[in-house]
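Below is one structure, written out as structure tokens; comments come after it.
To find a chain, count down the sequence lines: A is the first, B the second, and so on, and within it residues start at 1.
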Amino acid sequence: MLGWLIRTASSSIGKKALMALTGLLLIGFLVVHLAGNLTFYMDGDGAAFDSYAETLESNPLLPLAEFGLLVLFVTHIVLALRVTKQNRDARKSRYAVRATAGGSTAGSRSMVITGIVLLVFLVVHIMDFRLQNDGTESMAALVREELSAPLGAGLYAVAMLALGLHVSHAFKSAMQTLGCNHPKYTPLIEKVSLGLGIVLGLGFLSFPLVIFFLGGSAAGGQA
Amino acid sequence: MSAHAETDCLNLTLNIWRQEGPHATGSFEVRQLQDISTHMSFLEMLDCVNEDLVSEGREPVSFDHDCREGICGMCSLVINGQVHGPQPETTTCQLHMRHFKDGETITIEPFRAEAFPVVRDLCIDRTALDRIITSGGYISVNTGSPQDANATPIAKPDSDLAMDAAACIGCGGCVAACPNAAAMLFTGAKVSQLALLPQGAPERESRVLSMVETMDAEGFGNCTNEYECMAACPKAIDVSHIARMNREYMRASLVGSSP
Ligand code: HEM
Ligand code: FES
């Protein structure tokens with residue numbers, strides 16, 4: 001009965017469709033995540049950010065949402081690794097000379113690398129702010145602590161540049177994969193993709209930069 | 001006189017891929033070429049190489065070609081890292097030596113993909129593409145007396161789009177140019193062409209399902225939307241045909257009437 005489902009999900013097009021769907025939902029999550037994080041800049045002492053974090057954590061449905069996110073990430077990453085392995089296997093003998101004919105972009109060529117950077121970042125990020133957070137410390141203080149260290153700020157900055165690059169190709173790629181390609185709206189999709197990459201990349205990048213260089217004082221943090 | 005001859009002639013260094021057979025390990029053979037006319041096609045230049053090789057008592061370089069007028073899809077070659085060479089929308093057989101510079105080194109490789117094993121030197125086996133077509137890239141009709149040409153109305157935009165897709169000459173350059181060695185542009189063009197026409201409608205679902213299944217089984221890669229295929233395609237086939245195949249595939253899988 002579920003034969004069609006397995007056949008579809010394991011086909012090249014089905015795998016990519018699942019990657020595209022999960023990726024789009026992850027982009028949706030990131031937009032909400034960024035909006036929430038921006039409360040960090042709302043007042044001097046990080047009270048708005050703290051209360052946002054508290055509201056989130058006191059929601060009894062949070063574990064459900066987290067489980068949903070986990071499913072999205074795991075599906076996306078497992079498929080990405082499988083697709084990448086198959087793609088490598090499809091050409092084992094490399095070209096001695098390789099030149100682009102002009103189709104690919106920096107974003108499209110680096111999807112695997114930016115994806116792996118994001119994977120490493122995800123593990124660190126969850127350990128930093130989810131597992132290490134016992135609820136006693138202020139969330140804003142924890143963030144400031146983490147991102148004022150050169151290593152922390154550096155890792156976050158690199159990862160957010162990778163995120164920007166990944167998303168700048170991901171959105172339009174997902175649209176094409178899901179069959180949305182039409183002269184009427186493809187030019188718009190390409191702009192939205194670039195815009196999402198820039199907004200999400202720079203938006204999240206602002207936190208390590210502001211905290212590391214200004215001690216979070218643009219957010220009024222008195223350190 | 002000699003000045004004229006100079007501007008119309010090239011001295012070149014070629015790195016040509018030589019490989020005895022499918023399982024042999026290949027390597028590049030370096031050859032110096034003198035006085036190659038800029039009016040020659042790339043394949044005529046290779047003919048000169050082969051004349052030299054034969055007169056040296058050696059095996060000529062094997063390379064695929066047939067019509068030499070850009071319509072059959074037999075010629076291939078990756079020239080300095082570019083499928084069908086540096087000219088957009090041009091097959092190797094239609095590429096002329098005037099696009100190269102005197103003293104240039106030209107590296108010539110076969111199309112590389114696991115699904116396209118090297119037969120010898122620059123010749124590759126592209127029958128995987130034929131197997132994709134035989135798994136559904138056709139329409140089944142009873143032959144008989146032809147029906148009236150106007151009996152099947154087709155909207156002009158659809159017939160134009162189908163014609164664009166039908167321009168595929170099946171050279172496999174899309175596979176060779178794809179970083180993932182995917183055959184999505186080739187398969188998409190045929191699925192799309194037939195999906196756009198009423199004649200293709202009866203087998204619309206079974207066609208896309210079985211062509212994609214064959215494509216996957218032949219060991220082609222997955223599409224990551226790099227669009228190198230479209231940029232390399234000698235017939236400039238658009239990736240919107242891939243999107244149409246993606247739609248056709250999901251439609252057939254999710255809401256199609258075939259089990
Ligand atoms: C922050 C989270 C992430 C978001 C929002 C995201 C989003 C997306 C989207 C929308 C696509 C396009 C899918 C398509 O074209 O069908 C994509 C592709 C890809 N993602 Fe992610 N992704 C994320 C994290 C990751 C991670 C952690 C990896 C880890 C390995 C990864 C690896 C890939 C790869 C390799 C591709 C390219 C494959 C392709 O274009 O088909 N991504 N991503
Ligand atoms: S030899 Fe026929 S297309 Fe080039």
Look up atom [atom1] in [X] and atom [atom2] in [Y], then write down how far apart they are to the nearest 0.5 Å.
X      : Y      : atom1 : atom2 : value
A:R109 : B:E228 : CZ    : CD    : 7.0 Å
A:D89  : B:N180 : CG    : CG    : 11.5 Å
A:L178 : B:R247 : CG    : CZ    : 11.0 Å
A:S108 : B:Y227 : OG    : OH    : 9.5 Å
B:N246 : A:K16  : CG    : NZ    : 8.5 Å
B:M250 : A:T8   : CE    : OG1   : 6.0 Å

key: Between A:S11 and B:D216: side-chain donor-acceptor atoms closer than 3.5 Å   = no
Could you check whether any side-chain N or O of [X] sits under 3.5 Å from a backbone N or O of [Y], counting only pairs where one atom can act as donor and the other as acceptor?
X      : Y      : result
B:Y249 : A:S12  : no
A:R91  : B:R112 : yes
A:N87  : B:N222 : yes

ask   = Side chain, backbone, both or neither: which part of B:F28 has a non-hydrogen atom closer than 4.5 Å to chain A?
value = side chain
ask   = For B:A252, is it the side chain, the backbone, both or neither that has a heavy atom under 4.5 Å from a heavy atom of chain A?
value = neither
Using side-chain heavy atoms (C-beta onward) and a distance below 4.5 Å, is [X] in contact with [Y]?
X      : Y      : value
B:T224 : A:M111 : no
A:S93  : B:E114 : yes
A:I13  : B:M184 : yes
A:Q176 : B:I242 : yes

Looking only at non-hydrogen atoms, find the nearest pair between [X] and [Y] and report the distance.
X      : Y      : result
A:A101 : B:A231 : O-CB, 3.4 Å
B:A181 : A:A90  : CB-O, 3.5 Å
A:R98  : B:G81  : NH1-O, 3.2 Å

message = For B:E20, is the CD atom crowded, meaning more than 12 foreign heavy atoms sit under 6.0 Å from it?
response = no
inquiry  = Tell me if the CZ atom of A:R82 is crowded by more than 12 foreign heavy atoms within 6.0 Å.
reply    = no
Identify which of [options] forms the greatest number of heavy-atom pairs closer than 4.5 Å to chain A.
options                        : result
B:A182, B:P88, B:C178          : B:C178
B:T107, B:V239, B:V118, B:V212 : B:V239
B:G221, B:P110, B:A243, B:P179 : B:A243

ask   = What part of A:R94 gets closer than 4.5 Å to chain B, counting heavy atoms only: side chain, backbone, both or neither?
value = backbone
remark   = Pair count under 4.5 Å, heavy atoms only, with chain B: among A:G107, A:G14, A:A96, highest is A:A96
